Amino acid sequence: MTQISLTFPDGNARQFDAGITAAEVAASISTSLGKKAVSANLDGAHWDLAWPIENDAAIAINTMADTAPGLELIRHDLAHIMARAVQELWPDVKVTIGPVRDYGWFYDFDRAEPFTPEDLGAIETKMKQIIAAKDPVRTEIWDRERAIAHYKAKDEPFKIELIDRIPGDEPLRMYWHGDWQDLCRGPHLQNTGQVPADGFKLMNVAGAYWLGDSTRPMLQRIYGVAFKSRDDLKAHLTMLEEAALRDHRKLGREMNLFHMQEEAPGQVFWHPNGWTIYTTLQDYMRRKQRAAGYVEVNTPQVVDRKLWVQSGHWDNYQEHMFIVEVDEEHAREKSINALKPMNCPCHVQIFNQGLKSYRDLPLRMAEFGSCSRYEPSGALHGIMRVRGFTQDDAHIFCREDQIESECAGFIEFLSSVYKDLGFEEFEIMFATRPEKRVGTEESWDKMEAALESAIRKTGHEFTLEPGEGAFYAPKLDFKLTDAIGRVWQCGTFQVDPNLPERLGATYIGEDSQRHRPYMLHRACLGSFERFIGILIENWAGKLPFWLAPRQVVVASIVSDVDGYTNEVVAALKAAGIRAEADTRNEKINYKVREHSLGKVPVILALGAREVEERSVSMRRLGDKHSRTLSLEQVIADLSAEAKAPDQR
RNA sequence: GCCCCAAUAGCUCAGUCGGUAGAGCAACUGUUUCGUAAAUAGUAGGUCGGCGGUUCGAAUCCGUCUUGGGGCACCA
């Protein structure tokens, strides 16, 4: 018998007979570990307790107390238990794939009739029966022909296609519990009873293309969430409820920020409150960009097809463009135009006006560019994914040797903006050369090295995305993390030697010859619409004072003090604060409640006492109590707070 | 674009078997002047998303379009 050496996490190694299972290893350490073990990590791979170990390896035994492997096993086994439940209820349903995902799993089924909410209830009940049965799990390794014959007999065409897609040298693991069987690479728990029967919930049904391919059949996907305990599940469901409470579509209505209507799908009607956020944010960005050496421009909305043909958008992006045909007077043919989906071609037109010298570079050209894109109807979502939006766009025209410093400068700029707006954390995704690309290897080497060096010099880490760059150059994407841990891709930095070439941009170098500039596309917020949606959800509507559309409500307690109320409002407005009076004939409780629900950050309540003292009673949003302060003090405090972060 | 679900008063929602459209909040008008998260009475408010069909009769059943939602695909 061959001996193998297994190294444990404490560094000790022990000899075992080859072919020993992880379960036997666990039991050899202690009886209790043998009982508690659920899986192993073998050289970093997640390993089923029942699988034999044939070679030397580093091993660690997992129990349910190990969160990541424990949840992985629970969710994975639930996917199979659900598939079994579905086939026991409806034997003609075809099974496909069912992976683990965040918080749970899904499984895709092929079935003629849609699953209803009642069906989900029936499936859950059946799943609980399967769990209660504690059916032992076993896996067998089959050869390809046997597996295919098996699935042909069972009429499971999707499984046969999966087998065809598995590389020839990989073992086919057939996984069983009870009489039910699935193709699966594992690992699994030892019996179905190890899954917590009250720790999961089926959430919803959605369509999903087979293999994610829109030309393949649409399957029905059932999503479930699962945790180790009922309490963890409840906590998750509560978290979902809280996330729903900060939905920007709900808050946008409640705070009277904007609305959308069916005559203009995917476009925002900004109300005064919402537009105040928008312009405050835009003013802030304008100051930041000026300070960072950008010039601001503005370019046309409706642009002739000729330019889009030249830029390449007509061939590559036409399905996303709003095309406008115009019967021009005196013209023989209609003129065909498109609403601009991007600003870059127009910016090159400005660059191309007059000769540019190398002394003009880098030229940082910014536009709050209003763009229109015909997004697919199913992609639209509140103000986050729209058809009409404004980018905080800029293009930096520069020489190759300036890419690195411009990139570093942009990363500093972006991190300062994100910090000012309340996002401390962001991640950089570095997308490198794809397989299909243009340009020399030397040029790719230089561009990638410039970006990598810029990231390192600014002291950041990055996540590499090999092959994800554009066909002409690498790019960076910036993902920020919001208050409840969600990740949003907002910023981008993309090198582009292609468009200056297509649109004939040149500058005169020191050698008095014409040279081709590089163009660096960059955005920080992405679009104002989407970013404001993110801000609303991040702050749950309770925006920081400087961004809050309604900053102060001054509320009379009795109508006798209305004169003083109006005086206080006037003084606040004179100090640059967005203040309004509430002199309605309502109780102060009513006013406090209404303005608190409206997310107004400061309420100043005024009664006879305040008039006499020339003071105000200030209540901050979310506070239980108020404080009495002098009017001068409050104006000084609030006007300081009303300043944007860059002006403090 | 694709699958499923939905659309009733400004908002949130009820409306049974196909038989004259309802509530709470908001709004408006009185009364009330009140000290930090809902005073009180009354009034008004609707082409039940649009169009077509079935029916003696449609918010309700069927078709279709539009929009929204959950996903998928998309996001050079």
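Letters A, B, ... mirror the listed sequences (proteins, then strands); counts begin at 1. What you are looking at is a predicted structure, and each value in this text was computed from that prediction instead of being measured.
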Task: P376(A) or I588(A), whichever maps to the more 5' nucleotide of RNA chain B - done: P376(A)
TODO: Assign the ring pair Y103(A) / H236(A) to parallel, tilted or perpendicular, where the plane angle (0 to 90°) is split at 30° and 60°.
DONE: tilted
Open item on the list: Using a heavy-atom cut-off of 4.0 Å across all strands, would you classify G212(A) as base, sugar-phosphate, or nothing?
Closed with: sugar-phosphate
- [ ] Give the nucleotide from the list G1(B), U33(B), C75(B) with an atom nearest to the side chain of V558(A).
- [x] U33(B)
Open item on the list: Taking any heavy-atom pair under 4.0 Å as a contact, classify H625(A): base, sugar-phosphate, or nothing.
Closed with: nothing
Task: Short side-chain N/O contact to G71(B) OP1/OP2 from R101(A), under 4.0 Å - done: no
TODO: Return the nearest nucleotide to the side chain of Y590(A); candidates are A38(B), A37(B), C4(B).
DONE: A38(B)
Open item on the list: Please determine whether ring-ring contact (aromatic ring centres under 6.0 Å, His included) holds for the pair Y278(A) and F528(A), giving the CA-CA distance in whole Å, both sets of side-chain angles, and the decisive distance to 0.1 Å.
Closed with: CA-CA 7 Å; Y278(A) 190 111; F528(A) 281 90; 5.1 Å; yes
Open item on the list: What contact category does E113(A) fall into here, base, sugar-phosphate, or nothing, at under 4.0 angstrom with non-hydrogen atoms?
Closed with: nothing
Task: Side-chain donor/acceptor of H320(A) to base of A76(B), under 3.5 Å - done: no
Task: Atom-pair distance (OH on Y223(A); P on C3(B)), nearest Å - done: 17 Å
Task: Which residue lies more 5' along RNA chain B, comparing T628(A) with H313(A) via nearest heavy atoms - done: T628(A)
TODO: Compare side-chain N and O positions of R221(A) against OP1 and OP2 of C4(B) and report whether any pair is under 4.0 Å apart.
DONE: no
Task: Y209(A) versus T215(A), side-chain donor and acceptor atoms under 3.5 Å - done: no
TODO: Between G70(B), A76(B), G68(B), spot the one nearest the side chain of M342(A), thanks.
DONE: A76(B)
- [ ] Test for a donor-acceptor pair under 3.5 Å between the base of A37(B) and the side chain of R619(A), counting only N and O atoms.
- [x] yes
Task: Phosphate OP1/OP2 of U12(B) contacted by R253(A) side-chain N/O (<4.0 Å) - done: yes
- [ ] Can you figure out which of C72(B), G35(B), U67(B) approaches the side chain of E262(A) most closely?
- [x] U67(B)
Task: Distance under 6.0 Å and angle within 45° of ring axis: R387(A) vs Y374(A) - done: yes
- [ ] Determine whether the side chains of E375(A) and H320(A) contain a donor N or O and an acceptor N or O closer than 3.5 Å.
- [x] no
